[in-house]
Student: 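Have a look at the structure that comes next, please.
As the structure is a computational prediction, the values presented were derived from the model and not from experiment.
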Amino acid sequence: MKNLDLQEIRKQIDQVDSQLAALIEQRMRLTADVAEYKMQNGKEIYDPVREKEKLASVRAMAKTPFGEIAMGEIFAQMMTISRRYQYQVLGSYGNKADGGFKLVENLPTAGARIVYQGVEGAYSHEAALQVFGRDADVYNVPAWDDAMKEVAEGRAAYAVLPIENSSAGAVIDNYDLLLKYDNYIVAETEVSVNHALLGLPDAELSDIKTVISHPQALMQCSEFLKEHRDWKQIQAENTAGAAKRILADGDVTQAAIASPKAGEIYGLKILKPSINHNRTNTTRFIVLGKEPVYRLDARKVSVCFETPHVSGALYNMLGHFIYNHVNMLMIQSRPILERNWEYRFFLDIEGSLSDGPVQNALLGLKSEAVFMRILGNY
């Protein structure tokens, strides 16, 4: 066994690292030249065939099996960093992945009609009034899909849809609608959820045998409902719709889970207030318009993308945000229906399309993803 001196070994490592640092700097300067050449000659930054050939050649330089693995990993990471640096070079020349978005001072709301899903008294109704004011021209449709269609076909200027609840999570059907229609997120708002158990004016808690509400509301009140396991649970399109149904059915054994405001509108009695177990429960709503616009104070970008179906693809995509110091706020996956066991991802990041680092990250993502679409900046 060798008689080793740790300090001497570390000193030699430091010397090698110093040489490596200088070589990496030199390589990055050459990388910038590559980016400019590709830009001048209309070539893509990402060249997977070239990268595969390069990795094979550097692995062949190794003298040991471990060295082959190490060389492959180091150079794969080095080429990834080089690509991201090249995207920055392109960005400095004005190349963007802005999706055609235009900067506006304010959202055009004069004379605008706003559509929401559900009935009067629904949380979506409250969200619409919260964004556009109590005197806004709002109207309702039966389904979320209908609301998106109203905007897409020009009958409404904006649609208000729930997208996420702090207790129950994502409203997954609405993520799919973001791609089905060519609408764009232009604003968001949050509404505090305060569910009550509502019954007919002459009902008592002891009369109830059936409770009706939206699936998420039933989930948000699951702790209360566990105390009444004998109650039948029926799902409805929305909470206010459930309240309206209670009134229409006139059955004293039925109750709805909805807001106290919905109870007031439909003349129902509060049998039990505040039954959602999370007292800070909040639903986030998005506002969608037909035009890809964003305001100067926009601080969140929503993106959808699909990765190549290979190992490490998602890691590489998210690396564009890490490299550019862009903060990721949320990620949500949804299955791609026509391709079994493949997924598309919905991502919220912090920033504006006017920010250089955001543009650099999105340019890299767009260049390497199978599909990418900016859903909104708000």
Side-chain angles (χ1 to χ4, degrees), residues 116-130 140-144 147 160-177 188-286 330 332:
Y116 66 92
Q117 180 272 340
V119 297
E120 187 181 1
Y123 287 106
S124 293
H125 181 212
E126 177 61 30
L129 298 179
Q130 192 165 286
N140 59 294
V141 290
W144 292 320
V160 179
L161 273 71
I163 197 68
E164 183 181 16
N165 178 267
S166 59
S167 294
V171 185
I172 55 176
D173 291 343
N174 285 347
Y175 278 97
D176 295 334
L177 291 179
E188 70 175 349
T189 192
E190 294 181 356
V191 175
S192 295
V193 175
N194 178 23
H195 292 316
L197 186 71
L198 307 175
L200 292 173
D202 55 347
E204 299 296 336
L205 189 61
S206 57
D207 297 323
I208 304 305
K209 296 180 180 178
T210 302
V211 61
I212 306 170
S213 195
H214 185 271
Q216 281 209 334
L218 294 171
M219 187 187 308
Q220 292 155 11
C221 302
S222 59
E223 294 300 316
F224 170 77
L225 293 174
K226 284 178 184 177
E227 301 172 8
H228 303 278
R229 296 180 186 272
D230 55 325
W231 289 359
K232 180 181 179 182
Q233 296 182 26
I234 298 177
Q235 296 185 358
E237 284 288 335
N238 58 73
T239 55
K244 188 175 181 180
R245 176 174 169 179
I246 295 299
L247 180 65
D249 288 351
D251 184 346
V252 75
T253 68
Q254 291 183 351
I257 293 176
S259 69
K261 182 66 176 178
E264 179 184 329
I265 291 172
Y266 297 108
L268 299 177
K269 178 181 179 180
I270 296 179
L271 301 176
K272 186 79 173 179
S274 301
I275 61 172
N276 44 296
H277 45 267
N278 181 359
R279 298 296 185 237
T280 61
N281 194 2
T282 302
T283 297
R284 182 166 69 95
F285 290 82
I286 52 175
M330 182 281 301
Q332 176 74 35

Student: For a quick test of your reading: what N or O donor-acceptor pairs under 3.5 Å do the side chains of residues 203-210 make, sequence neighbours left out?
Tutor:
{"residue": "Glu204", "atom": "OE2", "partner": "Lys269", "partner atom": "NZ", "Å": "3.1"}
{"residue": "Asp207", "atom": "OD2", "partner": "Glu204", "partner atom": "N", "Å": "2.8"}

Student: Look at the aromatic rings of Phe224 and His228 and report parallel, tilted or perpendicular, splitting at 30° and 60°.
Tutor: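 The arrangement is tilted - the two ring planes meet at 30° to 60°.
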Student: Which pairs, with at least one residue in residues 199-218 and sequence neighbours excluded, count as a ring-ring contact (aromatic ring centres under 6.0 Å, His included)?
Tutor: Trp144-His214
Student: Going by side chain to side chain contact (heavy atoms under 4.5 Å, CB included), name the residues that satisfy it together with Asp202, two or more places apart in sequence or in a different chain.
Tutor: Leu200, Val252
Student: If the condition is salt bridge (charged side-chain N to carboxylate O under 4.0 Å, His left out), which residues does Lys261 pass it with, not counting sequence neighbours?
Tutor: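 Salt bridge (charged side-chain N to carboxylate O under 4.0 Å, His left out) check on Lys261 returns Glu264.
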Student: Only counting residues at least two apart or in another chain, list the ones meeting side chain to side chain contact (heavy atoms under 4.5 Å, CB included) with Asn165.
Tutor: Ser167, Ala168, Val193, Gln216, Gln220, Asn281, Thr283
Student: Mind checking what makes ring pair (Phe, Tyr, Trp, His ring centres under 6.0 Å) contact with His277, not counting sequence neighbours?
Tutor: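 By the ring pair (Phe, Tyr, Trp, His ring centres under 6.0 Å) rule, His277 matches no residue at all.
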Student: What residues form a side chain to side chain donor-acceptor pair (under 3.5 Å) with Gln254, not counting sequence neighbours?
Tutor: none
Student: Under the rule for side chain to side chain contact (heavy atoms under 4.5 Å, CB included), what residues qualify as partners of Pro142, not counting sequence neighbours?
Tutor: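 By the side chain to side chain contact (heavy atoms under 4.5 Å, CB included) rule, Pro142 matches Asp146.
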Student: With sequence neighbours excluded, give me every ring-ring contact (aromatic ring centres under 6.0 Å, His included) pair touching residues 235-257.
Tutor: none
Student: Between Tyr123 and His195, what is the ring plane arrangement, given parallel below 30°, perpendicular above 60°, and tilted in between?
Tutor: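 Taking His195 first and then Tyr123, their aromatic rings stand perpendicular (interplane angle over 60°).
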Student: Sequence neighbours excluded, which residues qualify as side chain to side chain contact (heavy atoms under 4.5 Å, CB included) partners of Ile163?
Tutor: Asn174, Tyr175, Leu178, Arg284, Ile286
Student: For Asp249, check salt bridge (charged side-chain N to carboxylate O under 4.0 Å, His left out) against everything at least two apart and list the hits.
Tutor: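 Checked Asp249 against salt bridge (charged side-chain N to carboxylate O under 4.0 Å, His left out); matches are Arg245.
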Student: Please list all pairs passing the salt bridge (Lys or Arg N to Asp or Glu O under 4.0 Å) test where one or both residues lie in residues 227-242, with sequence neighbours left out.
Tutor: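 As it turns out, there is no salt bridge (Lys or Arg N to Asp or Glu O under 4.0 Å) pair with a partner in residues 227-242 once direct neighbours are skipped.
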